[in-house]
Structure formats: structure tokens, C-alpha cells
Amino acid sequence: MEYKMIAPEHSEQVMEHLRRNFFADEPLNKAAGLCQNGSSCPALEAHCAEAIQHRMSVMAVDAKEKDTLKIVGVVLNGILKPGDTAKALSKLDCNDDADFRKIFDLLHRHNLKHNLFEHFDVDCMFDVRILSVDSCYRGQGIANELVKRSVAVAKKNGFRLLKADATGIFSQKIFRSHGFEVFSEQPYSKYTDENGKVILPVEAPHIKLQQLYKAICADDQDE
Ligand code: ACO
């Protein structure tokens, strides 16, 4: 396996990987019925494309496939600044994809309520946004390696704080094994509408959203 930085020119191949492996499979997308496996989701693709522009994302490529760039895993990382989440939440009202709105309303409101910027007194964060591995390549440590490399990219670029919204128990375990700690949690059973109906019926074993963080002290930055 080879690990490479994702450049904007890889965007279409990254989207193709995500359409086949992330858009339908990620626990919240699945609960919302966001899209079918292989189909496109313009709202989520715009979110992913924005992260790629920050040039801090990493892909796993099957080195055995010599003639094509066979992307088998990606981690999309972005820079988050104070005010970005409130802006994204206000823009959500204009989004015509109701399923996308359900997911990002939960994520944005949770992040605004549990404010890492204020708690850690930072003015930017390294935001691990999307972690995805090809279903045929799972269980081989690829996600672990992508998170490890993301931490290295964050350190190299001088970030003091990393953050991830992990939506399932496996991604939560992966982040914790790389030194991330839980800052806040939201049980899916308590994300309900005005009639008490659960908005995102997420399948077991995934029961809650975890907002995780990893603080990097100055001494760690040269590692
Ligand atoms: N069942 C049991 N354990 C699992 C599973 C599973 N289905 N998936 C991962 N794990 C455990 C592994 O045992 C391993 O533990 P270890 O380090 O103690 O050995 C650890 O998680 C890491 O395993 P990897 O092989 O590195 O994970 P993998 O490459 O299979 O990718 C991922 C895991 C990214 C969750 C993959 O299943 C996937 O793409 N799922 C769909 C998309 C998704 O849910 N992404 C995360 C959403 S949160 C976010 O994007 C920020």
C-alpha cells in the first residue's frame, strides 16, 4: 500500500471512491438514506471538495495496480476557524437535500454547543472530516494508517489541536487509539423531532456521535 497526499487534481477519483464506499455506508448517511451505493450526492461532494482544497488530505493507493491510480482509502482533512460552523449551519437552510440537512444540523449544532475553540483557546483547528476505506480492503489497518498520517500532517503544519466527529464505534476506536480523547457525545436516540421521533435511526452497534480532540504540545511538533 502507498500513502500519498491528495491534490485538487485527484478530486474526481476521490469522489468516485467515496460514492462507492462512504456515501451509502457511513452510519449517519445510511440512517438518513442519503444515497444509493455508487450514486452521487452533490451536497456531500461539495463538502468533501472543500476539504480537498486545504491540501492536507491523504489517500491510500493499491501499489499492485500499476496502470491506474487505485484509491482504496482516504482521510479528508480541513482547516476549521471560529465562525465556520455557524456559517455552515446558516447556509444549511438553503440546501434542498433534506437528508443532508438532518445529518449536518446534528453535527453543526453539536459542535457549536461544545465549543473546542473556546475551551482550548485556539484560533484554528485541524479538522478530520471524512475517513473512508474501500469495503474490499477493510480490516487491514488502512484507516489506522490514514489517521496516523493525518496527525503527522497536523504536527508538520504547526496545528495545536485536531478534531474529529466520529459517527460509528469503529472510527471512534481508531481515533482513540491515536491519542484522541472524547470531548462530548450525543446519543442518536436523543436527537428527536418535536414529536419525540428519532431523526436518524442509526443501526447498531453505532449508538452515539463522539466529538474527539487531540491536543499537540509544542514539544511534540517536531516528532
Ligand atoms: N468490526 C470490528 N472491528 C473493526 C471494524 C469492524 N467492522 N472496522 C474496524 N475495526 C477495528 C479494527 O479491528 C482495528 O482495531 P485494532 O487497531 O485494535 O486492530 C481498528 O478498528 C482499525 O481498523 P482498520 O483496519 O484500520 O480500519 P479499516 O481500514 O477497516 O477502516 C472504517 C475502518 C474507516 C470505519 C471503514 O469501515 C469505513 O470506511 N466505514 C464506512 C465509512 C465510515 O463509517 N467512516 C467513519 C465515519 S467518521 C468520520 O469520517 C470522521
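Order of appearance sets the numbers: ligands from 1, and atoms from 1 within every ligand.
The ligand atoms of ligand 1 that sit less than 4.0 angstrom from a heavy atom of Ile174 are 20 (C), 21 (O), 22 (C), 27 (O), 33 (C). In summary, the atoms of ligand 1 found under 4.0 Å from a heavy atom of Phe22, numbered by their order in the structure, are 42 (C), 45 (N), 50 (O). Near Ala143, the atoms of ligand 1 lying under 4.0 angstrom from a non-hydrogen atom of the residue are 26 (O), 27 (O), 28 (P), 29 (O), 31 (O), 33 (C), 34 (C). For ligand 1 and Ser132, the ligand atoms under 4.0 Å from any heavy atom of the residue are 39 (O). Ligand 1 places these atoms under 4.0 Å from at least one heavy atom of Gly139: 25 (O), 28 (P), 30 (O). Short contacts between ligand 1 and Gln140, defined as distances under 4.0 Å to a heavy atom of the residue, involve ligand atoms 25 (O). Using a 4.0 Å cut-off to heavy atoms of Thr167, the atoms of ligand 1 that qualify are 47 (C), 48 (S). The ligand atoms of ligand 1 that sit less than 4.0 angstrom from a heavy atom of Asn144 are 17 (O), 22 (C), 26 (O).
Ring centroid separation for the pair Phe104 and His47 comes in under the 6.0 Å cut-off.
Few gaps surround CG on Asn195; more than 12 heavy atoms of other groups in view lie less than 6.0 Å from it. More than 12 non-hydrogen atoms from other residues, nucleotides or ligands lie less than 6.0 angstrom from CG of Asp193.
With Phe23, Phe170, Phe175 as candidates, the residue nearest to atom 4 (C) of ligand 1 on a non-hydrogen basis is Phe170. Relative to atom 12 (C) of ligand 1, the option among Lys163, Lys173, Glu26 with the closest non-hydrogen atom is Lys173.
Counting only heavy atoms of the protein, atom 39 (O) of ligand 1 lies nearest to Val133 N, 2.8 Å. Arg138 CD, 3.3 Å is the protein heavy atom nearest to atom 37 (O) of ligand 1.
Of the listed residues (Arg19, Lys30, Arg20, Arg138), just one forms a salt bridge (charged side-chain N to carboxylate O under 4.0 Å, His left out) with Asp25, and that residue is Arg138.
For the pair Glu145 and ligand 1, no heavy-atom separation below 4.0 Å is found.
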Legend entry - side-chain contact (heavy atoms from CB on, under 4.5 Å) between Lys102 and Leu200, worked out: CA-CA 8 Å; Lys102 281 183 201 167; Leu200 290 169; 4.2 Å; yes
Inset, instruction - List the steps and the verdict of side chain to side chain donor-acceptor pair (under 3.5 Å) for Thr167 and His206. - result: CA-CA 7 Å; Thr167 54; His206 314 296; over 6 Å; no
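Within the 4.0 angstrom cut-off, atom 50 (O) of ligand 1 has one or more protein heavy-atom neighbours.
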